[in-house]
Amino acid sequence: MNQITTKQKLLYVDDEILNLYLFREYFRNEFEVIVAQSGQEAIEELAENQDVKFVISDMRMPKMNGLEFITKALEIRPNITYCILTGYDLTPDIEKAIGEKKVARYFSKPFDPTEISLFLSAGNKN
């Protein structure tokens with residue numbers, strides 16, 4: 001067999017195309033980055049990619065916000081580490097989701113690639 005890809009899959013969900021592009025560029029050397037522009041598209045990506053290990057979702061998106069998406073995603077893929085990315089302060093809803101272990105962590109926008117890398121690499125050891 002030829003070289004096998006050992007990069008873990010990371011799904012990033014954001015309704016802003018520029019953010020999807022930037023995120024993929026930042027993390028393409030560490031992860032196989034899959035992007036989705038909506039919660040519904042992300043659910044479809046999870047159905048197609050059974051080996052996704054991490055999901056980072058923007059909080060504020062039209063139709064389905066990040067927590068609504070994660071709640072639906074947990075029903076079909078409960079063994080993934082889910083994180084929220086937000087340009088706003090930590091909300092009671094996000095705090096509650098963290099307390100209920102639906103969301104492992106939240107990150108602020110603009111995102112800090114080092115902060116996200118450190119968190120995800122710590123998760124790789126599980």
Side-chain angles (χ1 to χ4, degrees):
M1 280 177 95
N2 291 345
Q3 181 181 356
I4 296 172
T5 301
T6 57
K7 289 182 188 177
Q8 293 180 319
K9 287 187 180 179
L10 164 64
L11 173 62
Y12 178 60
V13 190
D14 198 314
D15 59 312
E16 295 180 39
I17 292 172
L18 180 59
N19 289 342
L20 295 174
Y21 174 78
L22 288 172
F23 194 93
R24 186 173 11 213
E25 283 302 302
Y26 274 118
F27 295 101
R28 67 188 173 124
N29 292 328
E30 294 176 69
F31 296 95
E32 183 179 330
V33 180
I34 301 163
V35 295
Q37 222 178 326
S38 69
Q40 185 57 47
E41 188 180 325
I43 294 287
E44 293 166 13
E45 289 293 348
L46 287 176
E48 290 175 24
N49 294 280
Q50 295 295 315
D51 52 349
V52 169
K53 181 156 172 94
F54 301 105
V55 173
I56 298 179
S57 176
D58 186 27
M59 180 58 187
R60 296 215 176 166
M61 298 182 290
K63 295 184 183 172
M64 186 187 310
N65 74 32
L67 289 179
E68 291 167 340
F69 153 65
I70 289 171
T71 299
K72 288 185 179 210
L74 279 165
E75 292 175 13
I76 58 166
R77 302 292 305 284
N79 298 323
I80 293 176
T81 300
Y82 294 93
C83 300
I84 284 283
L85 185 65
T86 182
Y88 303 90
D89 290 333
L90 180 63
T91 65
D93 286 345
I94 295 172
E95 251 183 310
K96 182 179 179 210
I98 292 170
E100 293 173 349
K101 305 273 190 254
K102 289 182 181 178
V103 174
R105 173 93 190 260
Y106 94 97
F107 300 102
S108 296
K109 278 185 175 180
F111 65 85
D112 176 351
T114 304
E115 178 186 20
I116 293 174
S117 284
L118 287 171
F119 175 78
L120 297 178
S121 64
N124 286 338
K125 295 175 184 148
N126 292 343

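Counting from 1, the numbers follow the sequence of the chain as shown.
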query = Taking atom CD1 of Ile98 and atom CD of Glu100, what is their separation to the nearest 0.5 Å?
reply = 11.0 Å
task = Grab the two heavy atoms, one from Asn29 and one from Lys7, that are nearest each other, plus how far apart they are.
result = O-CE, 3.5 Å
inquiry  = Tell me whether Ile43 shares a hydrophobic cluster with Met61, the cluster being built from Ile, Leu, Val, Met, Phe, Trp, Tyr side chains joined at under 4.5 Å.
reply    = yes
message = According to a hydrophobic-cluster definition based on side-chain heavy atoms being under 4.5 Å apart (Ile, Leu, Val, Met, Phe, Trp, Tyr only), do Val35 and Val55 belong together?
response = no
ask   = Is there a chain of hydrophobic side chains (I, L, V, M, F, W, Y, each step under 4.5 Å between heavy atoms) that links Leu46 to Leu67?
value = yes
key: side chain to side chain donor-acceptor pair (under 3.5 Å) contacts in which one or both residues fall within residues 104-119, not counting sequence neighbours   = Asp14-Lys109, Glu30-Ser117, Asp58-Lys109, Arg105-Glu115
key: Separation between CG of Leu85 and OG of Ser57, rounded to the nearest 0.5 Å   = 8.5 Å
query = Should Gln40 and Met64 count as side-chain neighbours, where that means a heavy-atom distance under 4.5 Å?
reply = yes
ask   = Atom CG in Leu10, atom CD1 in Ile56: separation rounded to 0.5 Å?
value = 5.0 Å
query = How are the rings of Tyr26 and Phe111 set to each other: parallel, tilted or perpendicular (split at 30° and 60°)?
reply = perpendicular
ask   = Under 3.5 Å, is there a donor-acceptor pair between the side chain of Arg77 and the main chain of Gln50?
value = yes
message = I'd like to know whether CD1 of Ile17 has more than 12 heavy-atom contacts from other residues, nucleotides or ligands below 6.0 angstrom.
response = no
task = Would you mind reporting whether Leu11 and Asn49 have side-chain heavy atoms less than 4.5 Å apart?
result = no
key: Gap between atom CG of Asn79 and atom CG of Leu74 - 0.5 Å precision   = 9.5 Å
task = Please name the pair of heavy atoms, one in Pro62 and one in Asp15, separated by the smallest distance, quoted to 0.1 Å.
result = CD-OD2, 3.4 Å
message = Less than 4.0 angstrom from a charged side-chain N to a carboxylate O is my criterion; do Lys72 and Glu68 meet it?
response = no
query = Is it true that Tyr82 and Phe54 have ring centroids separated by less than 6.0 Å?
reply = no
message = On the six-membered ring of Tyr88, is Arg60 placed so that its NZ or CZ lies under 6.0 angstrom from the centre and within 45° of the ring axis?
response = yes
ask   = So, do Tyr12 and Ile34 sit near enough that their side-chain heavy atoms are less than 4.5 Å apart?
value = no
inquiry  = Quick check on the hydrophobic clustering: are Ile116 and Ile80 connected, directly or via other members, by side-chain heavy-atom contacts under 4.5 Å?
reply    = no
note = Rounding to 0.5 Å, atoms CG (Leu120) and SG (Cys83) come to a distance of 6.0 Å
message = Between Glu45 and Val52, is there a side-chain heavy-atom distance shorter than 4.5 Å?
response = no
inquiry  = Can you confirm whether or not the ring centre of Phe107 sits under 6.0 Å from the ring centre of Phe119?
reply    = yes
ask   = Is the shortest heavy-atom distance from the side chain of Thr81 to the side chain of Lys53 under 4.5 Å?
value = no
inquiry  = Does atom CG (Asp51) have a neighbourhood of more than 12 heavy atoms from anything else shown, all under 6.0 Å?
reply    = yes
